[in-house]
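Contents: one structure, followed by commentary.
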Amino acid sequence: MFEYTISSLKRGIEKSYYSYTYTPTDAIIFLTYRCTSRCKACNIWQRPVKIEDELIWDDWLPILKNLAANKVKSIEMFGGDALLRKDLLIKMIQFCSDNGMDSYFPTNSSSLKDETVKELVDAGLSTIYFSLDEVPEIGESVRGIKRHFDRTTKCIQQFQNARGDSGKLNISCITTVSSLNYKYLESLAEYAQQAGADEYLIRGISEFTTDSVATSAVNNIKPEPYFMPTDNKSHAYTTEQAEEMLGILNRIKKTKEHYGEMIVSMENMENLTIQNLTTLTYPKQTCLFATTQVVISPYGNVLPCLYYKDYHLGNVKSQDLIKIWGNEKHRQFCQAQQNNQISLCDHCSIKFYHKPFIPTLRDVTHNAFNKIAGI
């Protein structure tokens with residue numbers, strides 16, 4: 001407990017310092033915007049793409065070397081469905097492994113094949129995130145594709161077998177929870193455990209409204225967030241559903257030992273109110289994402305945020321990251337965010353994964369109190 005507290009506080013201090021100095025610590029790379037899912041809560045699969053403009057390995061290799069030279073510690077290979085560019089994905093993971101960088105890969109499992117599982121493990125993947133959003137009772141009402149549940153649980157077991165006793169790969173399950181699937185949260189946690197996941201992450205949905213998009217332009221550039229409904233319905237909770245949801249979360253908290261060695265985390269769901277759930281908004285908090293996390297599009301454009309695909313700080317195909325990160329355009333974006341001028345941020349949960357020192361201290365104090373109280 002004491003060691004965890006000290007490491008958490010140290011991490012909070014480091015994050016605050018890196019944010020203040022505009023130090024890039026990690027990167028998220030969109031290999032493609034193309035996707036094989038048809039999610040009700042995400043429209044990235046409807047986004048126009050320029051396949052011919054997507055960077056190839058010969059373009060990415062010098063970019064990856066530049067990230068490493070700038071001491072970026074980890075890279076998340078993102079999409080769309082990054083497996084649509086499997087050869088590139090494997091090479092990126094291998095580069096990270098060879099250069100002492102952690103690698104993260106979120107997947108919907110739809111393009112995973114037996115041989116791909118082995119390739120990813122052999123390349124040295126650090127963490128794989130499985131989206132687990134449906135149980136058989138729901139059908140295809142969340143992901144919009146057939147056999148999501150069966151495919152995902154099977155793939156988890158395949159990765160567990162492929163890594164063996166090495167312990168080199170962390171297997172994580174993520175449920176993006178909303179009114180579509182919250183009733184099945186406890187079942188999903190049990191399924192993740194039975195399949196062999198190391199951790200189960202409950203993540204509140206980020207659902208952006210047309211009003212928040214319209215009022216969140218920075219330097220006259222509007223965001224284009226992909227977390228917007230594609231079924232013409234909000235996935236917010238009713239008051240009754242919100243009350244039920246909070247009860248489910250409390251039950252999971254009180255029975256974490258039920259899941260054995262599997263870690264259960266609900267970081268961005270802590271302290272949410274009924275109003276938060278009925279409006280799908282999140283409490284205000286300083287976000288360090290835009291100052292420390294490098295987002296790169298499939299075309300090499302550097303972005304300050306996942307949801308501003310046209311707000312280009314520069315392009316790493318032709319510029320060194322150190323000349324892009326922290327430039328005037330970047331600082332103007334971050335200043336607008338820090339001054340609460342971006343209403344989109346009220347609907348975004350990313351800020352809870354990149355906390356500065358003061359919120360971290362608050363969390364540590366809260367956890368210590370609960371530990372003492374036996375909660």
Side-chain angles (χ1 to χ4, degrees), residues 5 8-9 11-13 15-16 18-20 41 174-182 185 201-216 218 223 225 227-229 234-253 264-293 304-308 333-371 373 375:
T5 298
S8 296
L9 293 175
R11 188 163 57 250
I13 292 171
K15 284 182 175 291
S16 291
Y18 292 142
S19 177
Y20 179 76
I174 299 179
T175 295
T176 303
V177 62
S178 69
S179 61
L180 291 170
N181 59 1
Y182 78 95
L185 208 47
L201 310 180
I202 301 170
R203 296 294 183 249
I205 191 173
S206 293
E207 180 179 279
F208 302 106
T209 64
T210 53
D211 285 345
S212 67
V213 169
T215 57
S216 295
V218 181
F227 287 134
M228 296 186 76
S234 172
H235 304 126
Y237 304 79
T238 65
T239 299
E240 184 180 68
Q241 289 174 332
E243 291 173 347
E244 186 179 5
M245 172 60 173
L246 293 177
I248 291 171
L249 291 177
N250 282 330
R251 286 202 300 271
I252 293 175
K253 286 180 187 178
V264 178
S265 169
M266 51 185 79
E267 192 171 0
N268 76 341
M269 301 296 294
E270 298 286 353
N271 304 316
L272 293 188
T273 64
I274 289 176
Q275 183 179 6
N276 290 139
L277 294 174
T278 56
T279 59
L280 288 184
T281 56
Y282 291 87
K284 290 188 182 299
Q285 180 180 279
T286 301
C287 180
L288 307 187
F289 184 94
T291 49
T292 62
Q293 310 291 306
C305 174
L306 295 163
Y307 308 127
Y308 281 79
F333 181 93
C334 295
Q335 192 67 49
Q337 185 184 57
Q338 291 160 12
N339 290 338
N340 296 318
Q341 295 172 351
I342 304 178
S343 59
L344 199 77
C345 298
D346 293 336
H347 298 268
C348 182
S349 65
I350 288 178
K351 53 196 168 193
F352 296 105
Y353 312 134
H354 305 277
K355 294 181 180 180
F357 175 68
I358 296 301
T360 301
L361 177 61
R362 219 166 23 235
D363 288 348
V364 166
T365 304
H366 177 73
N367 292 336
F369 174 80
N370 285 345
K371 188 77 173 177
I375 299 175

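Just so it is clear, the values below take in all heavy atoms, side chains as well, and ignore hydrogens, waters and symmetry mates. Note that the coordinates shown come from a computational prediction; the quantities given were computed from them, not determined experimentally.
Formation of a donor-acceptor pair under 3.5 Å by the Asn276 side chain with backbone atoms of Thr273 is found in this model. The backbone N or O of Val177 lies less than 3.5 Å from no partner atom in the side chain of Thr175, so there is not a single donor-acceptor pair. In terms of modelled atom types and a separation under 3.5 Å, the side chain of Ser178 and the main chain of Ile205 share no donor-acceptor contact. No donor-acceptor pair closer than 3.5 Å links the side chain of Gln241 to the backbone N or O of Ser179. Panel note: side chain Ser212, backbone Phe208; no donor-acceptor pair is recorded below 3.5 Å. Checked by atom type and distance alone, the side chain of Asn268 pairs as donor or acceptor with a backbone atom of Gly204 at under 3.5 Å.
Side-chain contact check for His347 versus Met228: every heavy-atom pair is 4.5 Å or farther apart. The side-chain heavy atoms of Leu249 and Leu185, taken from C-beta on, include a pair separated by under 4.5 Å. You'll find the side chain of Val213 stays beyond 4.5 Å of the side chain of Tyr307, heavy atoms only. Two residues are said to be in side-chain contact when any heavy atoms from C-beta on lie closer than 4.5 Å; Thr176 and Phe227 fail this criterion. For the pair Met269/Ile252, no side-chain contact is recorded, criterion being any heavy-atom separation below 4.5 Å from C-beta on. Looking only at side-chain heavy atoms (C-beta outward), Pro283 and Asn271 stay at 4.5 Å or farther from each other. In this structure, Leu306 and Phe289 have side chains that are in contact, with non-hydrogen atoms separated by less than 4.5 Å.
When the options Thr215, Asp211, Thr209 are evaluated for a side chain to side chain donor-acceptor pair (under 3.5 Å) with Ser343, the one that passes is Thr215. With respect to Ser19, the side chain to side chain donor-acceptor pair (under 3.5 Å) criterion is satisfied by exactly one of Thr286, Thr292, Thr291: Thr291.
Closest heavy-atom contact between Ser234 and Pro229: CA-CG, 4.4 Å. Annotation for Tyr282 and Ser206: closest pair OH-N, 4.4 Å, computed over non-hydrogen atoms. Smallest separation of non-hydrogen atoms from Lys351 and Cys345: NZ-O, 2.9 Å.
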As a quick check of understanding, evaluate side chain to side chain contact (heavy atoms under 4.5 Å, CB included) for Arg203 and Ser349, giving each step before the final call. CA-CA 8 Å; Arg203 296 294 183 249; Ser349 65; over 6 Å; no
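Counted within 6.0 Å of OH on Tyr353, heavy atoms from surrounding residues, nucleotides or ligands total more than 12; the atom is thus considered enclosed.
Within the model, atoms CG of Leu277 and OG1 of Thr238 stand 10.0 Å from one another, a figure rounded to the nearest 0.5 Å. Rounding to the nearest 0.5 Å gives a distance of 9.0 Å between CE of Met245 and OH of Tyr182. If you take CD on Gln285 and SG on Cys348, they are separated by 11.0 Å, rounding to the nearest 0.5 Å. The distance from atom OH of Tyr237 to atom CD of Gln275, rounded to the nearest 0.5 Å, is 15.5 Å.
Between the side chains of Thr239 and Thr278, no donor N or O sits under 3.5 Å from an acceptor N or O.
The stretch residues 273-290 participates, sequence neighbours left out, in these salt bridge (charged side-chain N to carboxylate O under 4.0 Å, His left out) pairs: Lys284-Asp346. Each salt bridge (charged side-chain N to carboxylate O under 4.0 Å, His left out) pair with one or both residues in residues 237-248, not counting sequence neighbours, appears once here: Lys183-Glu244.
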